[in-house]
Amino acid sequence: MVALRIVVSALLAAASLTALPAASAAEDSTLTIGMTVPIENPNIWAINSSSEWAAVTLQYDMMLKFSDDDLSAAPSLATGCEPSADYTRWTCAIRGGATWSDGTPLTSRDIAFTYRFVIDQGFPYFSGYFPEGSTFETPDDNTLIWVTPEPSRGPEVPAWVYIVPEHIWSPYVGKTNREIKQAQALPTVSSGPYVMTEAVPGQSWTFERNPYFWGDEPAYDRIVYRLYTNQEGMVQALRNGEIQIADGIESALLPAVEAIPDVVVQKVTADSWTNLAFNFGGQDPASAPLRALQDLRVRKAIAMAIDKQAIVDKAYQGAASPGETIIRPLSVYWHLDIPDDQVIPYDPDGANVMLDEAGYARGDDGIRIDPETGDRLVIRMPTSNDTPGSEIAGKLITSFLQQIGIEVNAQPVSAGKIYDMQQSGDFDAYIWYWSGDPDPNYQLSVFTSAACGDLSDGCWQDPTYDALVEKQAAILDQDERLVIVREAQQYVYDQVPAIPLAYPNAIVAYRSDLVTGLTPVPAGDGYLTPSYSYTSLVTARPATSDGEASAPASPGASAEPGAPQAAPSLAGSSGVPVWIWVLVAAVVVVILVVVVMRSRSAADRPDTH
């Protein structure tokens with residue numbers, strides 16, 4: 001800020017008035033967020049890791065978004081959708097005047113293109129939201145009609161699909177997914193509050209404010225995600241003030257983080273789970289799954305040998321709860337608490353008996369032998385580095401299974417590497433994570449036979465389960481559907497294609513003396529960084545040096561839909577008109593001339609700091 005140090009008292013008052021608006025107009029603000037998982041590919045169609053999801057969420061809009069309060073469907077690019085009497089046609093009103101970050105108008109045709117592109121390309125993570133036979137009509141720029149052959153819940157789920165610009169992605173129609181994922185993605189063309197403009201692999205990713213964003217103007221000019229190679233380095237950067245927010249903190253470091261002055265810790269209500277998945281083969285002709293893991297008795301014995309409470313205590317320092325079913329606890333209405341009489345207990349002795357009776361005798365080295373193949377029971381089990389606690393959980397499971405005569409080779413790998421393994425089937429088991437939607441259909445669907453080679457962890461295929469998922473998807477009555485959803489959860493639990501190990505709290509910490517205004521999504525103990533929406537980084541703003549919240553860049557203002565954000569105001573924070581500042585500045589110049597002429601001492605010269 002510029003201040004004029006002049007001995008004349010009347011001049012001091014005038015100088016302070018001229019300094020304030022000049023600083024406000026020139027100030028350039030950056031929010032820096034630390035992370036330990038890189039953005040390996042900024043292309044929206046190539047997302048694998050939690051960091052890549054966050055980057056996409058920060059830049060793009062859904063047609064209907066998740067409500068900031070409770071994750072129900074809420075207005076976004078569409079202001080609302082209405083079903084026909086038979087629920088086969090949903091008519092959605094698309095926001096007028098919305099614009100892409102390159103200035104091109106955003107219309108219903110972009111939404112229809114995105115949905116069709118996703119369906120035709122069969123993109124993992126996105127294509128499961130559309131009932132078979134879905135079509136999309138665009139009678140005008142502000143209307144989209146979603147038509148399904150059978151009654152459906154259509155857009156009200158809502159479909160977790162980010163809308164992309166047709167004029168950017170239409171040249172890729174008909175190309176292979178590999179070609180699409182390799183497409184040049186920077187600078188991003190999107191509709192959200194920020195666009196990625198620079199990627200320095202292995203170091204940082206920069207997002208500049210979108211001048212055409214249709215919503216409330218963010219306070220920060222840019223957001224920088226900075227990569228740290230280890231958790232300790234990220235925590236030290238938070239302590240030093242190099243970053244304002246540290247995202248994805250390991251719970252083992254909680255005591256150190258909580259000891260930092262002015263740091264606030266948010267333990268996000270578990271909406272994901274750490275998952276031990278088994279491979280059944282079928283992803284690729286070269287896939288060679290471990291035969292013993294096809295045996296339900298072996299999988300149940302493994303489940304009985306794993307002490308989930310120990311994983312909660314040691315891998316998550318208690319900031320988690322033991323895992324049970326494939327629908328996370330955050331979905332309170334849908335989540336099934338397994339009845340006590342149907343729980344697979346922690347019972348290593350019982351697991352040993354089960355394996356003995358199944359014919360898996362121990363060899364001379366104590367490792368069991370597959371009675372059909374004669375091979376030692378050795379499990380290759382990579383653990384994903386974008387899953388907090390996975391490495392420690394892997395070490396614990398290695399020790400647990402050794403007690404029942406199974407050898408485990410656990411090896412930490414990147415999210416990109418584990419994705420490649422999942423697609424090729426080149427693993428026996430792995431530890432990764434799942435984070436489902438508020439609606440259970442998506443999470444149930446990834447365990448179906450149809451998901452093999454796509455989203456399925458290990459290509460488990462079971463017709464009974466497939467029928468349950470198909471049945472619940474067709475039921476419109478919520479209470480009737482709940483019965484089938486819970487039956488499906490129990491069935492997966494009993495068949496053990498995977499073992500939910502823990503429901504960990506996501507942990508984020510921020511410097512309250514540097515940043516304020518962060519909005520948890522959902523309300524309460526929700527995320528402070530992009531997960532379900534970008535709201536928190538739109539409402540975030542710099543804190544003043546005394547810890548009080550500074551004013552947002554545009555207090556209480558919303559940009560008109562599709563209009564570029566206004567240039568910084570030339571009026572000061574007090575709202576004084578520009579001509580007054582010009583007049584005051586002229587008076588200051590006159591007085592300065594007089595003062596300088598009368599005294600050229602260094603003490604009376606203007607000082608910039």
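Nothing here was measured: the structure is a model prediction, and the numbers come from that model.
Judged by distance alone, the side chains of T448 and D466 never bring a donor and an acceptor atom under 3.5 Å apart. Counting only N and O atoms by type, the side chains of Q317 and S251 include no donor and acceptor under 3.5 Å apart. Using modelled atom types, one finds a donor on one side chain and an acceptor on the other under 3.5 Å when comparing Q283 with N279. No hydrogens or angles considered: a donor-acceptor pair under 3.5 Å links the side chains of Y491 and D462. Checked by atom type, the side-chain pair S72/D70 shows a donor-acceptor distance below 3.5 Å. Side-chain contact annotation: D457 with Y430, donor-acceptor N/O pair under 3.5 Å present. Counting only N and O atoms by type, the side chains of N230 and T36 include no donor and acceptor under 3.5 Å apart. Counted by atom type alone, D271 and Y532 present one or more donor-acceptor pairs between their side chains at under 3.5 Å. Under the 3.5 Å distance criterion, with hydrogens and angles disregarded, no donor-acceptor pair is assigned to the side chains of Y225 and D247. Side-chain contact annotation: D386 with W432, donor-acceptor N/O pair under 3.5 Å present.
You'll find the side chain of M63 reaches within 4.5 Å of the side chain of P155, heavy atoms only.
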* To do: Quick one: do D365 and R376 satisfy salt bridge (charged side-chain N to carboxylate O under 4.0 Å, His left out)? Show the steps, please.
  => CA-CA 10 Å; D365 60 356; R376 298 166 71 246; 2.8 Å; yes
* Hey, mind stepping through L501 and Y433 against side-chain contact (heavy atoms from CB on, under 4.5 Å) and telling me if it holds? -> CA-CA 10 Å; L501 299 172; Y433 77 97; over 6 Å; no
* To do: Given side chain to side chain donor-acceptor pair (under 3.5 Å), test R481 with N441 step by step and report yes or no.
  => CA-CA 10 Å; R481 184 179 173 222; N441 189 66; 4.5 Å; no
* Give the C-alpha distance, both sets of side-chain angles, the deciding distance and a yes or no for side-chain contact (heavy atoms from CB on, under 4.5 Å) between M35 and R226. => CA-CA 6 Å; M35 62 180 182; R226 184 174 297 167; over 6 Å; no
* To do: Check the pair D437 / Y129 against side chain to side chain donor-acceptor pair (under 3.5 Å), numbers first and verdict last.
  => CA-CA 11 Å; D437 292 11; Y129 295 100; 2.5 Å; yes
* Asked: Yes or no on side chain to side chain donor-acceptor pair (under 3.5 Å) for Q236 and R239, after CA distance, side-chain angles and deciding distance?
  -> CA-CA 5 Å; Q236 185 62 41; R239 178 181 290 108; 2.8 Å; yes
* **Intermediate values then yes/no, side-chain contact (heavy atoms from CB on, under 4.5 Å), W160 and M62** => CA-CA 7 Å; W160 200 343; M62 297 156 59; 3.8 Å; yes
* Assess whether side chain to side chain donor-acceptor pair (under 3.5 Å) is satisfied between Q402 and E407, documenting all intermediate values. => CA-CA 6 Å; Q402 186 177 22; E407 181 178 323; over 6 Å; no
* To do: Dump the intermediate steps for side-chain contact (heavy atoms from CB on, under 4.5 Å) on L377 and Y360, then the final yes or no.
  => CA-CA 9 Å; L377 260 63; Y360 294 85; 3.9 Å; yes
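For P497, the side-chain contact (heavy atoms from CB on, under 4.5 Å) partners two or more places apart in sequence, or in a different chain, are F280, F447, W460, V492, Q495. Listed by chain and number, the residues in a side-chain contact (heavy atoms from CB on, under 4.5 Å) with A310 are D307, F400 (sequence neighbours excluded). When the side-chain contact (heavy atoms from CB on, under 4.5 Å) test is applied to E250, the partners found at least two apart in sequence or on another chain are Q231, P388. Partners of D428 according to the side-chain hydrogen bond (donor to acceptor under 3.5 Å, both in side chains) rule, which considers only residues two or more places apart in sequence or in another chain, are R380. Remark: E372 pairs with R291 by the salt bridge (Lys or Arg N to Asp or Glu O under 4.0 Å) rule, at least two apart or across chains.
Side-chain atoms of Q266 come within 3.5 Å of backbone atoms of G526 as a donor-acceptor pair (strictly under, hydrogens ignored). A donor-acceptor distance shorter than 3.5 angstrom exists from the side chain of S536 to the backbone of L528, with no hydrogens or angles considered. At least one donor-acceptor pair closer than 3.5 Å links the side chain of T398 to the backbone N or O of G394. The backbone N or O of R486 sits nowhere less than 3.5 Å from a side-chain atom of Q490 that would complete a donor-acceptor pair. A distance-only check finds no donor-acceptor pair linking the side chain of Y316 to the backbone of A252 [under 3.5 Å]. Under a 3.5 Å cut-off, the side chain of S51 and the backbone N or O of V37 do form a donor-acceptor pair. Q472 places a side-chain N or O within 3.5 Å of a backbone atom of V469 that can act as its donor or acceptor partner. Proximity of a side-chain donor or acceptor of Q403 to a complementary backbone N or O of P348 within less than 3.5 Å is not detected. Without hydrogens or angle criteria, E52 side chain to N48 main chain gives a donor-acceptor distance under 3.5 Å. At least one donor-acceptor pair under 3.5 Å links the side chain of R299 to the backbone N or O of V496.
Ring pair W146/Y115 is tilted by interplanar angle, where 30° to 60° counts as tilted.
The distance from the CG atom of L444 to the CD atom of Q489 is 6.5 Å, given to the nearest 0.5 Å. Here the straight-line distance linking atom CZ of R153 with atom CD1 of I475 works out to 9.0 Å at 0.5 Å rounding. Atom CG of L238 is separated from atom CG of L253 by 11.5 Å, given to the nearest 0.5 angstrom. Within the model, atoms CG of L336 and CD1 of I326 stand 10.5 Å from one another, a figure rounded to the nearest 0.5 Å. Rounded to the nearest 0.5 Å, atoms OG (S49) and CD1 (I39) are 7.0 Å apart. Interatomic distance, CG of D356 versus CD1 of I404, reported as 10.5 Å (0.5 Å rounding).
Other residues, nucleotides and ligands contribute more than 12 heavy atoms inside 6.0 Å of the CD atom of Q309. Within 6.0 Å of OH in Y346 there are more than 12 heavy atoms belonging to other residues, nucleotides or ligands. Atom CG of D341 sits in a crowded spot, with more than 12 heavy atoms from other residues, nucleotides or ligands closer than 6.0 Å. Heavy atoms from other residues, nucleotides or ligands lying under 6.0 Å from CD of Q182 number more than 12.
If you run side chain to side chain donor-acceptor pair (under 3.5 Å) between Y534 and each of T529, D61, T57, only D61 comes through. Here the rule is ring pair (Phe, Tyr, Trp, His ring centres under 6.0 Å) with W45, and of F123, Y162, Y60 only F123 fits it.
A cation-pi arrangement, defined by a distance under 6.0 Å to the six-membered ring centre and an angle within 45 degrees of its axis, is absent between R328 and W334.
Salt bridge absent: D375 and R368 never bring a charged side-chain N and a carboxylate O closer than 4.0 Å.
The minimum heavy-atom distance between P322 and K308, with the atom names listed, is CB-CB, 4.0 Å.
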For residues 408-421, which side-chain N or O atoms pair as donor and acceptor with protein atoms under 3.5 Å away, sequence neighbours left out?
from, atom 1, to, atom 2, distance (Å)
S414, OG, K417, N, 3.1
Y419, OH, K181, NZ, 3.3

